[in-house]
Amino acid sequence: MKKTVTLLLALVLVLALAAPAFASGEASDDLFAPMTFPEDAKIVSATMYSTYTKTPSSLQDAVMKVTLYWDMTNDEVYAIRFLQPMLPWDDNGVSMGWACVTDEALLETLGEADALVEIADGVFYAKYLEIGGVVWTGEVGSHPAAAVAMDYVAELDGETVTLNDYVRTQEGGEWYVDAATQDVYFLTDAEPVAEGGEDAAAYVYHITYKENNGHGVYFWLSDITFPGNMEAIKEFVTENGFDYDYYADGGITKNEDGFWQTADAVSGATLDETPTYLDVLKTLYNEIMDGNYVEEN
């Protein structure tokens, strides 16, 4: 019993350390390093945007940009790139989103301007965020995966849009991935920085990515970790191809050891949302085979 309690306390401590204090980290240049291509092979690519979830009731914490590079000359995978910027609200926990404010100075500044939303007892989120030139206003809501959630809402093209819903679309996913490369502003009111001046920004934030913020490294009990799962997924399709059925059609299942598998091979990945990545990669492969691709060289 004592051993179990100790393990649980240790896990709680690690999760607490993993939670963002507020606005930390910058994107690594390595995430955006240009691809290089061989002179003796024709390389093409296809890109798709998605969220981490299979269903609306699954946890959502980031937007996925997935690019499959295909070697037409040798008829094989050339490379796979994942880029996954984190979202301001994270269904994994009430204080896990990057818009959750814990810094005392920022709490005071935003509190004096009535620019905080208390989502739970003592848990505050920035009320106004400028992302990609669009001001999003925070309000308490509810998601299938979280009874109490933080919604960020804006007017886009005459329609009221919730951020976590918008990024589920290809248009919204592409917009967010592009916006993630720009400064994000924690605002004291609903006016954009361009209109309110520099004083309107209480803080400047740089969105982090699953690939560079230690996601799934320090708080997973699994030895595979999140980066290990990403590599396992890449290696699986590189070695076994895309001749498997989609998850919804029963083509991707989990075996008794917790590894995701297809009819012909075990992927080596244990990540809950492995089917999301495999489905996206299969779709990109089919697009390339149908001639819908970008010529890279």
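- Across Ser95 and Val123, no two heavy atoms sit closer than the pair CB-CG1, 4.1 Å.
- Looking at heavy atoms from C-beta onward, Asp61 lies out of side-chain contact with Leu87 at the 4.5 angstrom threshold.
- Note that CG of Asp90 and CG of Asn164 are 9.0 Å apart. Values are rounded to the nearest 0.5 Å.
- Both Met289 and Leu278 are members of a single hydrophobic cluster when ILVMFWY side chains are connected at heavy-atom separations under 4.5 Å.
- Nearest approach of Asp151 to Gly141, heavy atoms of both residues: OD2-CA, 3.6 Å.
- Note that the CE atom of Met72 and the CD atom of Glu295 stand 8.0 Å from one another [nearest 0.5 Å].
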| field | Step-by-step side-chain hydrogen bond (donor to acceptor under 3.5 Å, both in side chains) determination, Tyr247 to Thr276 | value | CA-CA 8 Å; Tyr247 173 76; Thr276 300; over 6 Å; no
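- Annotation: Asp243, atom CG; neighbour count of heavy atoms from other residues, nucleotides and ligands within 6.0 Å does not exceed 12.
- The CD1 atom of Ile131 sits 7.0 Å away from the CH2 atom of Trp136 when rounded to the nearest 0.5 Å.
- Taking the side chain as every heavy atom from C-beta outward, Ile252 and Thr274 never approach each other to under 4.5 Å.
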| Could you walk me through whether Phe242 and Val77 pass the side-chain contact (heavy atoms from CB on, under 4.5 Å) check? | CA-CA 10 Å; Phe242 304 89; Val77 173; 3.9 Å; yes
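- Linking Ile, Leu, Val, Met, Phe, Trp and Tyr whenever their side-chain heavy atoms come within less than 4.5 Å puts Val101 and Val148 in one cluster.
- By the criterion of side-chain heavy atoms lying less than 4.5 angstrom apart, applied directly or through intervening Ile, Leu, Val, Met, Phe, Trp or Tyr residues, Phe186 is not grouped with Val153; the two fall into different hydrophobic clusters.
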| Ile233 vs Met230, side-chain contact (heavy atoms from CB on, under 4.5 Å): CA-CA, chis, key distance, verdict | CA-CA 5 Å; Ile233 291 169; Met230 294 294 95; 3.8 Å; yes
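- Not a single donor-acceptor pair under 3.5 Å links the side chain of Asp257 to the backbone N or O of Phe259.
- Two rings, from Tyr128 and Tyr185, have their centers 6.0 Å or more apart.
- The NZ atom of Lys65 lies 14.0 Å from the OG atom of Ser50; values are rounded to the nearest 0.5 Å.
- Two residues are said to be in side-chain contact when any heavy atoms from C-beta on lie closer than 4.5 Å; Phe124 and Cys100 fail this criterion.
- Note on Phe32 and Val177: same hydrophobic cluster, where clusters join Ile, Leu, Val, Met, Phe, Trp and Tyr whose side-chain heavy atoms are under 4.5 Å apart, directly or indirectly.
- Inspection of the Thr47 and Thr67 side chains reveals an N or O donor paired with an N or O acceptor under 3.5 Å.
- Under the 3.5 Å distance criterion, the side-chain polar atoms of Asn229 are left unmatched by any main-chain donor or acceptor of Ile224.
- Taking 4.5 Å as the limit, every side-chain heavy atom of Leu68 sits out of range of all side-chain heavy atoms of Met48.
- Side-chain contact, Ser267 with Gln261: no donor N or O sits under 3.5 Å from an acceptor N or O.
- Checked by atom type and distance alone, the side chain of Ser142 pairs as donor or acceptor with a backbone atom of Ala147 at under 3.5 Å.
- Closest of all the heavy-atom pairs between Asp71 and Ile43 is CA-CD1, 3.7 Å.
- Among the candidates Val193, Asp189, Thr188, the single residue satisfying the side-chain contact (heavy atoms from CB on, under 4.5 Å) test with Glu191 is Asp189.
- Between Val134 and Ala154, the shortest heavy-atom contact is CG1-CB, 3.7 Å.
- Rounding to the nearest 0.5 angstrom, the gap separating the CG atom in Asp165 from the OG1 atom in Thr160 is 12.0 Å.
- Ring geometry, Tyr166 versus Trp175: the interplanar angle falls from 30° to 60°, so the pair is classed tilted.
- Lys210 forms no cation-pi arrangement with Phe82, by the criterion of a distance under 6.0 Å to the ring centre and an angle within 45° of the ring axis.
- Aromatic ring centres of Trp98 and Tyr205 lie closer together than 6.0 Å.
- Ile288 and Tyr69 are members of different hydrophobic clusters when ILVMFWY side chains are connected at heavy-atom separations under 4.5 Å.
- The pair Lys282-Asp245 fails the salt-bridge criterion, with no side-chain N (NZ, NE, NH1 or NH2) lying under 4.0 Å from an Asp/Glu carboxylate O.
- Met64 approaches Thr51 most closely through the heavy-atom pair SD-O, 3.4 Å.
- Between Leu284 and Tyr293, every side-chain heavy-atom pair lies at or beyond the 4.5 Å cut-off.
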| said: Using the rule given for side-chain contact (heavy atoms from CB on, under 4.5 Å), can you reason through Thr137 versus Leu129, listing the C-alpha separation, both sets of side-chain angles and the distance that settles it, and then say yes or no? | reply: CA-CA 7 Å; Thr137 301; Leu129 297 174; over 6 Å; no
| request: Apply the test side-chain contact (heavy atoms from CB on, under 4.5 Å) to residues Lys127 and Leu110: give CA-CA distance (whole Å), side-chain angles for both, the deciding distance (0.1 Å), then the verdict. | output: CA-CA 8 Å; Lys127 185 173 183 178; Leu110 295 179; over 6 Å; no
| ring-ring contact (aromatic ring centres under 6.0 Å, His included) evaluation trace for Trp70 with Tyr78 | CA-CA 5 Å; Trp70 186 258; Tyr78 178 72; over 10 Å; no
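- Asp249 contributes no side-chain N or O that, together with a main-chain N or O of Gly251, makes up a donor-acceptor pair within less than 3.5 Å.
- Atom CG of Asn297 sits about 7.0 Å away from atom NZ of Lys42, to the nearest 0.5 Å.
- Side chain of Trp260 to main chain of Leu271: a donor-acceptor pair is present (N/O by atom type, distance under 3.5 Å, no hydrogens or angles).
- Relative ring orientation between Tyr244 and Phe236 is described as tilted, the plane-to-plane angle lying within the 30° to 60° band.
- Looking at Glu174 and Tyr49, their side chains come closer than 4.5 Å, going by heavy atoms from C-beta outward.
- In this structure, Trp89 and Tyr125 have tilted ring planes: the angle between them lies in the 30° to 60° band.
- Residues Val117 and Val140 meet the side-chain proximity criterion, which asks for heavy atoms closer than 4.5 Å.
- Val204 has its side chain out of reach of Val184: every pair of non-hydrogen atoms, C-beta onward, lies at least 4.5 Å apart.
- Listed here is the closest heavy atom pair of Glu139 and Met150: N-CE, 3.6 Å.
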